[in-house]
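No hydrogens, no waters, no symmetry mates; every other heavy atom, side chains included, goes into these values.
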Amino acid sequence: MPPHHRFPLLVVDIGNTSTVLGLAEPDQGTGELNLSHTWRLRSNRELLPDDLALQLHSLLNLSGATPPGSAVLSSVAPPLGQNYRTALRQHFAVEALEVSAENLPDVSVELDQPGAVGADRLCNLYGAGRYLTHHEYAVVVDFGTSTNFDVIGRGRRFLGGVLATGAQVSADALFSRAAKLPRIALEAPATAIGKNTVHALQSGLVYGYAEMVDGLLRRIRSELASPAVTIATGGFARTIQGICREIDHYDETLTLRGMVELWVSQNQASVGGW
């Protein structure tokens, strides 16, 4: 396939709560692949391949974007991943590269069971690469349905991590067990000491969660042989930005950009300079 037929590149990150999609195209000046469009949708496991194809067609039409010529797929929510793959094959004639530890030979997964690592965490490994110029280690804190701490070593080494309950899941569990507590927006109040029920809940759920993140990051850093750079991504990262003291960078597109870089690493020999 001629190189120009490969673009735009569609990246699809399917999580338990939301699905984030992006289109990447080569920069006219540098040739570097950059994200030109991004979309965030609710993950719905009941959608069939034809439903997903219609959804994607609508997004492309609304944005005036070109249909994809290639795709990368990361999924932790079966059967949505398989249905997306079928939709891309049947309606866009695209065979998606599905992310897994088994098909990434340049990645070293240093876990007891390497195949158990989530696809989204492998994408974060690639996305964190640019932060490792001056550090041997990086820790990516990905705020999703769960909050994942991915410990990454230079040379695309996945060293391990921590899985914690997501902030929204914690809030939902609290509200379901305490009927008199009001459902609130997860946002930081002006002070830690609450003067009413809403502010007290916000303090516990936001400041308390931020302290958990900082504490785990300090503990992780203490177990590494040299200093680590820390990067936050995911929806809740915007809420705790400026509150967590142990996070160095906030990168909303880290996972999608990681998928782009993953695709490049697997296709560079065949596409050359695009």
Original post:
Heavy atoms, side chains only, cut-off 4.5 Å: are Leu10 and Val12 in contact?
Top reply: yes
Original post:
Backbone N or O of Gly15 within a donor-acceptor pair of the Ser43 side chain at under 3.5 Å?
Top reply: yes
**OP:** For Gln168 and Asp172, test the side chains for any donor-to-acceptor distance below 3.5 angstrom and give the result as yes or no.
**Re:** yes
Original post:
Is the backbone N or O of Ala185 less than 3.5 Å from a side-chain atom of Gln202, with the two atoms forming a donor-acceptor pair by type?
Top reply: yes
**OP:** Check the pair Ser75 / Tyr84 against side-chain contact (heavy atoms from CB on, under 4.5 Å), numbers first and verdict last.
**Re:** CA-CA 10 Å; Ser75 176; Tyr84 260 105; over 6 Å; no
**OP:** For the residue pair Ser18 and Arg40, confirm or rule out a side-chain donor-acceptor distance under 3.5 Å.
**Re:** yes
**OP:** Work out which heavy atom in Val139 is nearest to a heavy atom in Ala228; give both atom names and the distance.
**Re:** CG2-CB, 4.2 Å
Original post:
How far does CG of Leu47 sit from CD of Gln55, to the nearest 0.5 angstrom?
Top reply: 6.0 Å
Original post:
Do Asp142 and Asn148 get their side chains close enough for a donor-acceptor pair, meaning under 3.5 Å?
Top reply: no
**OP:** With side-chain hydrogen bond (donor to acceptor under 3.5 Å, both in side chains) as the test, would you mind laying out the steps for Asn267 and Arg6 before giving the verdict?
**Re:** CA-CA 10 Å; Asn267 290 273; Arg6 292 177 171 266; 3.3 Å; yes
**OP:** Look up atom OG in Ser222 and atom CG in Leu224, then write down how far apart they are to the nearest 0.5 Å.
**Re:** 8.0 Å
Original post:
Hey, does the side chain of Thr30 reach the backbone of Asp27 with a donor-acceptor pair shorter than 3.5 angstrom?
Top reply: no
Subject >> Euclidean distance, Met212 CE relative to Thr147 OG1, rounded to 0.5 Å >> reply: 5.5 Å
Subject >> Rounded distance (nearest 0.5 Å) linking atom OG of Ser108 with atom CD1 of Ile152 >> reply: 12.5 Å
Subject >> Polar side-chain atom of Ser63 near backbone of Ala65 as donor-acceptor pair, under 3.5 Å >> reply: no
**OP:** Answer whether the closest heavy-atom distance between the side chains of Val20 and Trp39 falls below 4.5 Å.
**Re:** no
Original post:
side-chain contact (heavy atoms from CB on, under 4.5 Å) between Asp13 and Met259: does it pass, once the steps are laid out?
Top reply: CA-CA 8 Å; Asp13 177 29; Met259 297 177 74; 3.9 Å; yes
**OP:** Taking the side chain as every heavy atom from C-beta outward, state whether Leu125 and Arg156 have any pair of such atoms under 4.5 Å apart.
**Re:** yes
Subject >> Check: Asn83/Arg45 side-chain N/O donor and acceptor closer than 3.5 Å >> reply: no
Subject >> Side-chain donor-acceptor contact under 3.5 Å, Thr230 with Asp248 >> reply: yes
**OP:** Decide yes or no for Tyr209 and Thr239: does some side-chain heavy atom of the first lie under 4.5 Å from some side-chain heavy atom of the second?
**Re:** no
Subject >> Student check: side-chain heavy atoms of Val213 and Leu217 closer than 4.5 Å >> reply: yes
Original post:
For Gly81 and Ile14, which heavy atoms make the closest approach, and how far apart are they?
Top reply: CA-CD1, 3.7 Å
Original post:
Going by distance alone, is a donor N or O of one side chain under 3.5 Å from an acceptor N or O of the other, for Thr165 and Ser170?
Top reply: no
Original post:
So does Asp251 pair up with Arg257, basic N to acidic O under 4.0 Å?
Top reply: yes
Original post:
If you look at every heavy atom in Ala192 and Ser203, which pair is closest and at what distance?
Top reply: O-OG, 2.6 Å
**OP:** Give a yes or no on this: more than 12 heavy atoms of other residues, nucleotides or ligands lie within 6.0 Å of atom CZ of Arg245.
**Re:** no
Original post:
Is there a side-chain contact between Val99 and Leu73 (heavy atoms, below 4.5 Å)?
Top reply: no
Subject >> Flag side-chain contact, heavy atom, 4.5 Å: His57 against Phe92 >> reply: yes
Subject >> Charged N-O contact under 4.0 Å between Arg219 and Glu246 >> reply: no
Subject >> Distance, nearest 0.5 Å, that separates CG of Leu21 from CG of Leu59 >> reply: 6.5 Å
Original post:
When rounded to the nearest 0.5 angstrom, what distance separates CD in Gln90 from CG in Leu52?
Top reply: 11.0 Å
**OP:** Locate the shortest heavy-atom distance separating Gly258 from Tyr126; write the atom from each residue and the value.
**Re:** O-CB, 3.3 Å
Original post:
Between the side chain of Asn103 and the main-chain N/O of Ser100, is any donor-acceptor distance below 3.5 Å?
Top reply: yes
**OP:** Report yes or no: do Ile231 and Ile243 belong to one cluster of Ile/Leu/Val/Met/Phe/Trp/Tyr joined by side chain heavy-atom distances under 4.5 Å?
**Re:** no
Subject >> Donor-acceptor under 3.5 Å (Ser146 side chain, Gly166 main chain) >> reply: no
Subject >> Heavy-atom side-chain contact between Phe143 and Ile240 under 4.5 Å >> reply: yes
